[in-house]
Amino acid sequence: MPFRTIVIKNRCKLEYSQNYLVCRADNETRINVNEISTLIIQNTGVSMTASLLSRLMEAKVSVIFCDPKANPQGQLQPFQGVTDSYVKIKTQMNWSLSTKGLLWQKIIKEKINRQANNLIHYEKDGGDALRKLSEMVTPNDKENQEGHAARVYFSSCFGSNFQRSARDVPTNIFLNYGYSVVLSCVSREIKAFGYLTELGIHHIGVTNPFNLSCDFVEPLRPFVDAYVLANKVNVENFKDVYVHLLAEKVHFNGDEMFFDNAIHSYVQSCLIALKNNKVEEVKFIQYELP
């Protein structure tokens, strides 16, 4: 399974040769395409050949392009995931409403519990309150316990005046960049399994091409939050920190693996649960807080 996240920071030319990504700058570097899970292009001065892009799509590598400020701006995804994608998309369009509601309940309970873990671990107020809110989550989260938890959580994490909507606040910049990197990995896996990222189980934004990705990513957000709470990110290093995040060792269903690979298994478990109408088949990623 691919395991490397490659970040291109400087101006260079990227080519394809004999199953290798070839980076030509002052020196030449070669990386086997089969080893790459995610390629992040942070410099707008990078040029890439069509043959390389074609091979990366064939290998289902997630390619993230950044804007001039090195913030994620777009993602390259292949049109085709697997040979039976037509069948899977038809199935996706008919996923049971009750199963989707139960899966959303499970996802939000897990997310709120992970937020509670962060508050308790980093000695912030509100952990017990979030535990209680998690037990109150119903199918489809009709009472919006997720929103109630968010108000308690972010105020406790970053102060009563903190607002997630403030784009120019460094904390939000750190969080949004990390969320974008993880979201791109979730999207890659959904596409690779042959499903549509646009068709979510809860998110229904008409202009959002990643509704299902936004659904599945929710329990993973607190892992990103933890790096900010642990003061492991700052203005100079946050883009590098989240690349290393994907290479963190975590546990999934009793096995140790890289976080990026665990995302593959987690997404697969969600899709199997929706197909089989058995939300108990969903497994979540377990990790140590930094």
May I ask you to test the Ile41-Met48 pair for a side-chain heavy-atom distance under 4.5 Å?
yes
Residue set satisfying side-chain contact (heavy atoms from CB on, under 4.5 Å) with Asn237, at least two apart, ordered chain then number -> Val233, Asn234, Val241
Taking 4.0 angstrom as the limit, do Arg114 and Asp225 come out as a salt bridge?
no
State, with a plain yes or no, whether a side-chain heavy atom of Gln115 is found less than 4.5 Å away from one of Lys111.
yes
Does Thr49 reach the side chain of Lys13, with side-chain heavy atoms less than 4.5 Å apart?
yes
Would you call the rings of Tyr266 and Phe216 parallel, tilted or perpendicular, where under 30° means parallel and over 60° means perpendicular?
perpendicular
Test item: Asn43 side-chain N/O and Gly45 main-chain N/O as donor-acceptor pair under 3.5 Å:
yes
For Ser156, is there any backbone N or O sitting under 3.5 Å from a side-chain donor or acceptor partner on Asp125?
no
Look at the aromatic rings of Phe238 and Phe174 and report parallel, tilted or perpendicular, splitting at 30° and 60°.
tilted
Can you list, pair by pair, the side-chain donor-acceptor contacts under 3.5 Å of residues 161-171, counting residues two or more places apart and other chains?
unit_1	atom_1	unit_2	atom_2	d
Arg164	NH1	Asn172	OD1	2.6
Arg164	NH1	Asn176	OD1	3.2
Arg164	NH2	Asn176	OD1	2.8

For Arg131, is there an ion pair with Glu135 - N to carboxylate O distance below 4.0 angstrom?
no
For Val87, does its backbone N or O pair with a side-chain atom of Asp84 as donor and acceptor, under 3.5 Å?
no
Looking at side-chain heavy atoms only, is the closest gap between Ile6 and Leu21 below 4.5 Å?
no
Checking the side chain of Asp215 only, and the main-chain atoms of Trp104 only, is there a donor and an acceptor separated by less than 3.5 Å?
no
For Phe258, does the six-membered ring have the charged nitrogen or CZ of Lys249 within the cation-pi criterion, i.e. under 6.0 angstrom from the centroid and within 45° of the normal?
yes
Is the backbone N or O of Pro290 less than 3.5 Å from a side-chain atom of Lys232, with the two atoms forming a donor-acceptor pair by type?
no
Hey, is the main chain of Pro209 close enough, under 3.5 Å, to the side chain of Thr197 for a donor-acceptor pair?
yes
Short side-chain to backbone donor-acceptor contact, Asn94 and Lys90, under 3.5 Å
yes
Using modelled atom types only, decide if a donor and an acceptor are shared between the side chain of Asn118 and the backbone of Pro222 within a distance under 3.5 Å.
yes
